[in-house]
Every structure is written in structure tokens, then in C-alpha cells.
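Here the structure is a predicted model, which is why all the values come from computation and not from measurement.
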Amino acid sequence: MAGNDPLEDLTLRVEALELQLVSQEQELKRLRQQDLANRMNETKLAELQRMAAIDSWEINEQSGRLNASEPLSRILGEEGLMGYSMDDLRQCIHPDDQENFRHHYEASVNHGRPFELVHRMILKDGQERIVKHFGKTFFAASVFPLKSIGLIQDVTRQKQVEVTLELAKREAEAATQSKTQFLAHMSHEIRTPLNVILGMTQILSETPVSREQHQCLETLRIGGETLLSLVNDILDLSKIEAGQMDLTVTDFHLTKVIEQIANLQSFFAREKGIGFKVRIGQDVPHYVQGDLDRLRQVLSNVVNNAIKFTSTGEVTVTVSKGQNQYILFEVRDTGIGMSKEQTEKVFQPFIQGDSTITRKYGGTGLGLTISRKLVEIMGGTMEVDSHLGKGSCFSISLFLPPVSSGHYLGTDSTFEEASPARKLLNILLVDDADENRMVVRAFLKQVAHRVIEATNGSEAIAIFQEQNIDLVLMDMLMPVLDGYSATRAIRDYEKKRGLQAVPIIALTAHALKEDLARTLEAGCDFYLTKPVRKPQLLETINKFKTG
């Protein structure tokens, strides 16, 4: 039998050994390939760590032995990669940051909380680096800590860049704030004399004057209004650049606002001998929600601009309903128009089509810049289509959702003359400038209110406590005691004696939102920005009149 043949048995054993050797050789080859792959992965990992400036450590939580990557080993002060302890690592951390690291590391070991923190490390040569440190502990059976691993990334350059950018940001913000404060100060200084100029112009125009004198007064008024418009434009642009332009959303009657703008602008069109038309689509909602003042400012500017640059023909304003509760305003003129190059620059600040436009038509080139920025702040768009010598069309699309008339808050203001049957007021007028008090006295002359004057806040407080005052007109910047302090003192006096609060109306040459808000915070009920107009002042007084 073959099984009893020694030679055959030997042959079978040799074949079995050969198969075993082949299998072992294949396993050895696989292990060599796996070892090669592991070493390649370790090399790649080391290279990636080097490129990302990442070091690593691993500690056996049972033996306390810590192994470190080669770069970290050099930081630790040795050339080997093993044999360190957590104390060695902790000593390389900046003394002021060691306690914070210890707290996070122990929380990881004791409670399994991974950590991520930024701290400083001290290199062997004494250099200080900023690092981002990640760490995590692994447990056996979710109970016993086996090992902890950590990754350390050098973020010194990143932090330096961040510090540089933050410093540059602060310097830019400081520069913007300084510019805003300068413009606000200049606005205040210009508005104060303008209050007198425009006020006295209005008062003189109400007296008997000759035709020539009337023309002189009208020229003076136009010059003052132009200067006021320039001040407002520069201040608005400063607010926009500083991100301080906020919107005030209310419900208002859109068609009436358009009619009011049209009535005013049509006067200027008639003076130039050109046509002026307004077309409002039947599907345009009467009552909408938006920022009324900014809408009025934009439309008035664009329409006025169209009239200014049109000598023959007409200006047409079209209002139509767009999609998704947008309203489309189009202002089309037959004026001088613009070339393609001029159109591309028309929305840039202080730039007009060419230098001859400024000389012939005047203006600073700010109006359209501000208008477009305001439209964008309101979430809309403003475009222009123009052809040289054939006119221009400015298109404005604004989101103005309709509201029911029941929610309409009203925007129409009517001036109500005081009648003898109404209560005449004891008005305390507080202003350090004689000429400003003169203007207000002249404005109030026809309504026969009794005006008591004070030149600073201290005088105002004394008069308020001694006399029966019905209303206070308070200038905010005065010597001795300013209007803010005087208002607070009056409110405190009323509160301590349980008196009903007397209306206090601030008369301020400041126009920045923060300054106006400050008047209300001080206790004022309302504010009027200089230059104050007579109808505006009388209407405000009537609003707060009692009895």
C-alpha cells in the first residue's frame, strides 16, 4: 500500500513543507509590505506635521512614560523621542499658562473631556511661541485611562497677523471716528450761524420789502439752503461710511408722499420752463411700510437732479408696482444726458461727468452717491440708463410692502396757527447766543406766547423753579451748564416734588444719531435740529401744548 511506502511518505512531507514555506514567504512578504506602508504613513504623517507646524506627544497613563515627536523632543531639550514625563512637557509651557494646561489635562484624564486651548511655549533657546494644543485620553472598558495623546500646532505667525489686523482695524475705526467727530463738530459750527441766517431771512421776507429786496432775500435763502444741503450731504456720507446710517421703518401714505415731492419739484420745473409729469400706476398700494425720510430724500434728490440738468423738454416721474412687493420709481428727463464713461462714474463721490458740469450747474457730486447708498441700505437697487444729448433715466427699486389703512400711522403734518381761544404758554427759551434767541422770539411773536429767556443751564434751572413754566426750548451746548445737565436737573426737581413733567424741546445743532439720542436720554421730549424753521417750531409747540 502507498501509505506504507517510506519514500512516498517522505515525498508528501516535503510537499507539505514546501507549501508551508510558500505560505510563510507570502506572509513575510505581506508583513514587509505592511511595515513599508506603515513607515511610509509615518513619514507622511511626520511630513504633514512638519508642514502644518504640528508636534505630537503620547503618554502611557499607567507608566507615566511620554513619547514625543522629533521637533517636540528638541523643545524638551533632548534628542531622543522617548523617556519623558508629563512634567517635562509642562515645564516647556509658559509659567503663566501651566496651571490652565494642568486643569484641562487632568479633566481629560479624570473625566474624559477632550481639550483645546491656546497657550505659550518656551523653546530651548528661550524663544516664546504661541501654540494651539489639542488633547484626548483613551480608556480601557470606559473606566481606566490607558493613554493620552496630544497635538501641538505653532500658530505664532497666525496670531501675529491677527494682532496686526486687529491693530489696523482699530486704527481705521479710530480714523473714521475722528473724521466723523470732526464732521459732526463742523456741522454743528456751520448749522449755528445758518440757523440765524435762514431764520432772519424768513423773518425779513415776512415784512414789507421792495421787489429788489425780495430778490436779494430769496438769493440769500437759496444760498443758505445750498450750504445746508452740502453740510447734510457730507454728514450723511460720513454716517454711511462709518456704518452709522440706521433706518426708521414706519407706515405711510405713498401716493401722498409722491404728490408732496411733485408739488415742490414742479415749482422748480416751471421756473426753468420745462414740463413736469407724474404717473402713478393704479395697482400701486396707497399705504406702504418703509423709511419715509430716506425715501423722500432719495426721490427729491434724483428729481431735483433731473430738473437741474434739463433745459428743454420735460421730466417724468413714473411709479409702478414691481414683483414681490417691490415698488419701481423711474425718473426720466430730456436733459444733457451722459456718455458711457460718464455713466460709469456718476455714482462715485465728488465726481460729476466732467469739470464743466460743476462750473455750469454747481453741486458737489455727492447727491447721487448718497442716494444710491441709501437705496442699497434699504435693500433696493438704483440704476441709470443715459445717452449723451438725449437725457437720462434713473430707476429705483425698493421693497415697500403694502399695509392696510387701519395700520396707517400717518405722515402728513399740518401747521395749526394758535388761536386766542387756546392757552398761551409761558415758554422758557434757553440759549447762550443772543442772535438765536432773537430768531426764536421773532418766530413766536405772532402767537403771543410769553417768552422768558435764560443764557445757560444754571439760569434755566433757577427760572424753572421760581416761575410757572409750560414748555422749555433748550439749547444743548452752553457755557456754565449745558442743556443735558440742565434737563436732568429739571427732571430730578419735578420727580422729587411729584410734579407733572413739563415738555422740554431740544434745539440742537448736532445731527448725528448718537447726539440726538443723547438729548432724549437726558430727559427731552423732542428735538429740533438747527437751522429751525418757523412752521416746524410752531407745529412742535402746538403738539405739546396743553389746555
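- Counting non-hydrogen atoms of other residues, nucleotides and ligands closer than 6.0 Å to CD of E212 gives a total of 12 or fewer.
- To the nearest 0.5 Å, the span separating NZ on K277 from OG on S266 amounts to 14.0 Å.
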Notebook entry, point to check: Would I505 and L528 satisfy side-chain contact (heavy atoms from CB on, under 4.5 Å), going step by step from the backbone distance to the final call?
Noted result: CA-CA 7 Å; I505 301 170; L528 295 175; 4.2 Å; yes
Margin query: Please determine whether side-chain contact (heavy atoms from CB on, under 4.5 Å) holds for the pair F252 and L295, giving the CA-CA distance in whole Å, both sets of side-chain angles, and the decisive distance to 0.1 Å.
Written below: CA-CA 11 Å; F252 60 90; L295 173 64; 3.7 Å; yes
Margin query: side-chain contact (heavy atoms from CB on, under 4.5 Å) for M378 and F399? Distances and angles first, verdict last.
Written below: CA-CA 8 Å; M378 290 188 285; F399 179 69; over 6 Å; no
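- Atoms OG1 and CG, from T318 and L328 in turn, are 8.5 Å apart once rounded to the nearest 0.5 Å.
- Nearest heavy-atom pair across Y326 and G379 is OH-O, 3.6 Å.
- Within the 3.5 Å criterion, the main-chain N or O of I307 finds a donor-acceptor partner in the side chain of K272.
- Using a 4.5 Å cut-off on side-chain heavy atoms (C-beta onward), V502 and F464 make contact.
- A distance of 13.5 Å separates CD in E539 from CZ in R533, rounded to the nearest 0.5 Å.
- A donor-acceptor pair shorter than 3.5 Å cannot be found between the side chains of D475 and N436.
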Note to self: Evaluate K534 against Q446 for side chain to side chain donor-acceptor pair (under 3.5 Å), listing each step before the verdict.
What the structure shows: CA-CA 11 Å; K534 178 180 176 180; Q446 72 181 81; 2.3 Å; yes
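- A heavy-atom distance below 4.5 Å is not found between the side chains of I452 and L429.
- Remark: R518 qualifies as a cation-pi partner of Y484 under the 6.0 Å distance and 45° angle criteria applied to the six-membered ring.
- Shown here for G199 and V439, the closest heavy-atom pair between the two residues is CA-CG1, 3.9 Å.
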Notebook entry, point to check: When you look at E383 and R372, which way does the salt bridge (charged side-chain N to carboxylate O under 4.0 Å, His left out) test go after all the steps?
Noted result: CA-CA 8 Å; E383 305 294 339; R372 189 182 211 184; 3.6 Å; yes
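- Around the CZ atom of R332, the shell of radius 6.0 Å holds no more than 12 heavy atoms that belong to other residues, nucleotides or ligands.
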Next item on the list: Determine, step by step, whether D492 and K495 satisfy the salt bridge (charged side-chain N to carboxylate O under 4.0 Å, His left out) criterion, reporting the C-alpha distance in whole Å, the side-chain angles of both residues, the deciding distance to 0.1 Å, and the verdict.
Entry: CA-CA 5 Å; D492 186 58; K495 184 177 180 180; over 6 Å; no
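- With T207 contributing its side chain and L204 its backbone, the two residues share a donor-acceptor pair below 3.5 Å.
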Next item on the list: Would you check, one step at a time, whether the test side chain to side chain donor-acceptor pair (under 3.5 Å) holds for N195 with T192?
Entry: CA-CA 5 Å; N195 184 58; T192 299; over 6 Å; no
Check: Where do Q202 and S205 land on the side chain to side chain donor-acceptor pair (under 3.5 Å) test, with the steps shown first?
Finding: CA-CA 5 Å; Q202 182 173 356; S205 66; over 6 Å; no
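- Here the OG atom belonging to S397 is positioned 8.5 Å from the CD1 atom belonging to I327, to the nearest 0.5 angstrom.
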Checklist line | Verdict with supporting geometry, R437 and D431, salt bridge (charged side-chain N to carboxylate O under 4.0 Å, His left out) | finding: CA-CA 6 Å; R437 298 198 307 276; D431 199 308; 5.6 Å; no
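- Looking at D97, its side chain never comes within 3.5 Å of a backbone N or O of H119 through a donor-acceptor pair.
- Taking the side chain as every heavy atom from C-beta outward, Y527 and L520 approach each other to under 4.5 Å.
- The nearest pair of heavy atoms linking Q536 to V532 is OE1-CA, 4.0 Å.
- Using a 4.5 Å heavy-atom threshold, the side chains of L425 and R450 count as separate.
- Applying the 6.0 Å contact sphere to CD of Q323 captures no more than 12 heavy atoms from other residues, nucleotides or ligands.
- Shown here for A522 and R488, the closest heavy-atom pair between the two residues is O-CG, 3.5 Å.
- Side-chain atoms of D432 never come within 3.5 Å of backbone atoms of N456 as a donor-acceptor pair (strictly under, hydrogens ignored).
- Within the 3.5 Å criterion, the main-chain N or O of V284 finds no donor-acceptor partner in the side chain of S320.
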Checklist line | From CA spacing to verdict: side-chain contact (heavy atoms from CB on, under 4.5 Å), Q260, H253 | finding: CA-CA 11 Å; Q260 291 169 358; H253 197 303; over 6 Å; no
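- Between the side chain of T369 and the main chain of F347, a donor-acceptor pair closer than 3.5 Å is present.
- Annotation: side chain of I461 is not in contact with side chain of S458 (no heavy-atom distance under 4.5 Å).
- Residues V317 and R279 fail the side-chain proximity criterion, which asks for heavy atoms closer than 4.5 Å.
- Here the closest heavy-atom approach between residue T487 and residue G523 is recorded as CG2-C, 3.7 Å.
- Looking at V303 and F394, their side chains never come closer than 4.5 Å, going by heavy atoms from C-beta outward.
- T201 is linked by a side-chain contact (heavy atoms from CB on, under 4.5 Å) to I197, L217, L220, R221, counting only residues two or more places apart in sequence or in another chain.
- The backbone N or O of I130 lies less than 3.5 Å from no partner atom in the side chain of R120, so there is not a single donor-acceptor pair.
- When every heavy atom of N301 is checked against every heavy atom of L368, the shortest pair comes out as OD1-N, 3.9 Å.
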Margin query: Would K373 and E376 count as a salt bridge (charged side-chain N to carboxylate O under 4.0 Å, His left out) here? Give the steps.
Written below: CA-CA 5 Å; K373 289 183 180 295; E376 291 173 349; 5.8 Å; no
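- Going from atom CD of E162 over to atom CD of Q158 covers 5.0 Å, rounded to the nearest 0.5 Å.
- Residue L428 holds its CG atom at 5.0 Å from CD1 of I469, rounded to the nearest 0.5 Å.
- Within the 4.5 Å cutoff, the side chain of I261 has heavy atoms near those of the R296 side chain.
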